[in-house]
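Quick notes on the structure that follows.
If you read the sequence from its start, that first residue is 1, and numbering goes on from there. These figures come from a predicted structure and were not determined experimentally.
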Amino acid sequence: MDQVELALNEPPVVADVGIGVHGTRGPFDVFRLPDLWQLHLYGYAATLTVHGVGHAIRPGHVSLVPPDVEVRFDYLGRSTHLFAHFRLPGLEDRRTVPLMQDAGAETPLLSGLMRAAVTAPPARRSAELWTVLWRVATLTMSPHNGPHPAVSAAIAHIESNLAGPLTVPAIARAAGLSHNHLTRLFRAETGATIVAYIRQRRMERARHLLRASTQSIASIAAEVGIPDLQAFNKTCRRELGASPTTIRA
């Protein structure tokens, strides 16, 4: 098995997401999850064997294993990865994805998104993981395997801090570039300004939470970094074309 098919027209149902530490009690693990997909983002070197085929694991690699498939991990020592176990209720918009991929320049972004899913409240984990899965599904579409590493670092910082105040100078520091350099690079790579990207991502998350969760509108507004309800309502109308109440209905 070298490829899997993901149906991404609906958000995943998250069973568990976290940080796994392995290789401390033995040199290998063998297991399967009868009803759940497995997503791993690795920070170590090892080997994953699926259906008798070995796949080399390296830092920055990401794997997707369908339900009811036995896997074997052979470790070289203490091994830490980010993981998610989930169901895919959707049946459409199927994407053929390699079982194992090198995330390359996308690694900081995927790591930031998965860590955001780990720390997110339960109602938001599905939205966070859905974003990760779309990113993983499109890794091979870019001939350069993702944007410039500094832009990826900036995006990862943004995604991990949407609930708090975000300023371009702080994002530039996280990316290791000057304010002006990151601004030019970000616009060239994404076609959007940093401020516009932040606004877009906050509204995408707000729309999903309004439709898919039972959180209060005030709670959602705070989670997307716009705790003032009047400002949140105004931004929803301007960016999404309707009030939060209408979007929820």
Side-chain angles (χ1 to χ4, degrees), residues 6-21 33 35-43 60 62-65 80-90 103 106-139 152-167 170-171 174-175 194 197-229 231-232 235-236 239-240 244 247-248:
L6 292 176
L8 295 175
N9 61 304
E10 293 185 32
V13 178
V14 180
D16 195 13
V17 60
I19 300 173
V21 180
L33 302 181
D35 302 311
L36 299 172
W37 283 79
Q38 303 174 50
L39 170 67
H40 290 152
L41 178 59
Y42 301 99
V62 59
S63 69
L64 274 164
V65 177
T80 303
H81 59 236
L82 291 157
F83 75 89
H85 298 160
F86 57 94
R87 297 178 180 85
L88 288 176
E106 288 274 281
T107 301
L109 171 60
L110 288 177
S111 179
L113 290 171
M114 288 198 67
R115 289 181 184 279
V118 171
T119 58
R124 206 176 83 195
R125 287 175 188 161
S126 177
E128 301 286 1
L129 184 58
W130 202 12
T131 302
V132 173
L133 291 175
W134 271 107
R135 290 282 184 174
V136 171
T138 56
L139 277 176
S152 293
I155 291 174
H157 180 80
I158 292 168
E159 296 289 345
S160 299
N161 295 278
L162 282 181
L166 282 166
T167 65
I171 296 168
I194 297 174
Y197 180 86
I198 293 170
R199 184 170 61 247
Q200 175 189 351
R201 287 296 298 126
R202 281 176 165 161
M203 287 299 97
E204 286 174 351
R205 182 169 295 175
R207 176 164 51 194
H208 175 76
L209 291 174
L210 286 166
R211 290 176 173 175
S213 80
T214 59
Q215 288 178 261
S216 68
I217 291 175
S219 174
I220 292 171
E223 285 201 23
V224 298
I226 313 175
D228 183 284
L229 281 178
F232 180 65
T235 304
C236 282
E239 301 295 328
L240 304 179
I247 294 169
R248 166 154 281 178

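Looking at heavy atoms from C-beta onward, Pro11 lies out of side-chain contact with Leu133 at the 4.5 angstrom threshold. Pro89 places a side-chain heavy atom less than 4.5 Å from the side chain of Val13.
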Q | Worked check of side chain to side chain contact (heavy atoms under 4.5 Å, CB included) between Leu39 and Phe86 | A | CA-CA 8 Å; Leu39 170 67; Phe86 57 94; 3.8 Å; yes
Q: Could you walk me through whether Leu210 and Ile247 pass side chain to side chain contact (heavy atoms under 4.5 Å, CB included), step by step?
A: CA-CA 7 Å; Leu210 286 166; Ile247 294 169; 4.0 Å; yes
(Q) With side chain to side chain contact (heavy atoms under 4.5 Å, CB included) as the criterion, how do His85 and Val17 come out once you've worked through the C-alpha distance, each side chain's angles and the decisive distance to 0.1 Å? (A) CA-CA 6 Å; His85 298 160; Val17 60; over 6 Å; no
Q) Can Thr131 and Arg201 be said to form a side chain to side chain contact (heavy atoms under 4.5 Å, CB included), step by step? A) CA-CA 11 Å; Thr131 302; Arg201 287 296 298 126; 3.9 Å; yes
**Q.** salt bridge (Lys or Arg N to Asp or Glu O under 4.0 Å) assessment of Arg135 paired with Glu159
**A.** CA-CA 13 Å; Arg135 290 282 184 174; Glu159 296 289 345; 5.3 Å; no
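The backbone N or O of Arg211 lies less than 3.5 Å from no partner atom in the side chain of Arg248, so there is not a single donor-acceptor pair. With hydrogens and angles ignored, the 3.5 Å screen pairs a side-chain donor or acceptor of Ser160 with a backbone N or O of Gly112.
In this view, Ser216 and Ala218, Ser219 satisfy the side chain to side chain contact (heavy atoms under 4.5 Å, CB included) rule, not counting sequence neighbours. With sequence neighbours left out, Tyr42 forms a ring pair (Phe, Tyr, Trp, His ring centres under 6.0 Å) with His40, Tyr44, His81. The salt bridge (Lys or Arg N to Asp or Glu O under 4.0 Å) test applied to Glu10 returns no partner, not counting sequence neighbours. Applying the side-chain hydrogen bond (donor to acceptor under 3.5 Å, both in side chains) rule to Arg199 yields the partners Glu239; only residues at least two apart in sequence or on another chain are considered. His157 meets the ring pair (Phe, Tyr, Trp, His ring centres under 6.0 Å) test with no other residue; sequence neighbours excluded.
The SG atom of Cys236 sits 7.0 Å away from the CD1 atom of Ile226 when rounded to the nearest 0.5 Å. To the nearest 0.5 Å, atoms CG (Leu41) and OG1 (Thr107) are separated by 6.5 Å. Interatomic distance, CG of Leu64 versus CD of Gln38, reported as 9.5 Å (0.5 Å rounding). Between Ile217 atom CD1 and Leu209 atom CG the span is 11.5 Å, to the nearest 0.5 Å.
Results of the side-chain contact (heavy atoms from CB on, under 4.5 Å) test with Asn161 over Ile171, Leu166, Ile198 single out Leu166 as the only residue that passes.
Scanning all heavy atoms of the two residues, the minimum distance from Ala221 to Leu229 falls at CB-CD2, 4.1 Å. Shortest non-hydrogen contact noted between Leu88 and Ala7 is CD2-O, 3.9 Å. Scanning all heavy atoms of the two residues, the minimum distance from Ala137 to Leu8 falls at CB-CD1, 3.7 Å. Scanning both residues, Tyr197 and Ile158, for their nearest heavy atoms gives CD2-CD1, 3.9 Å. When every heavy atom of Leu129 is checked against every heavy atom of Ala84, the shortest pair comes out as CD1-CB, 3.8 Å. Residues Asp35 and Arg87 come closest through the heavy atom pair O-CG, 3.6 Å.
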Identify each donor-acceptor pair in which a side-chain atom of residues 114-127 lies under 3.5 Å from a protein atom, sequence neighbours left out, and give them as a table.
from	atom 1	to	atom 2	distance (Å)
Arg115	NE	Ser111	OG	3.4
Thr119	OG1	Arg115	O	3.1
Thr119	OG1	Ala116	O	3.3
Arg124	NE	Glu128	OE2	3.0
Arg124	NH1	Glu223	OE1	3.1
Arg124	NH2	Glu128	OE2	3.4
Arg125	NE	Ala120	O	3.0
Arg125	NH2	Ala120	O	3.4
Ser126	OG	Pro12	O	2.8

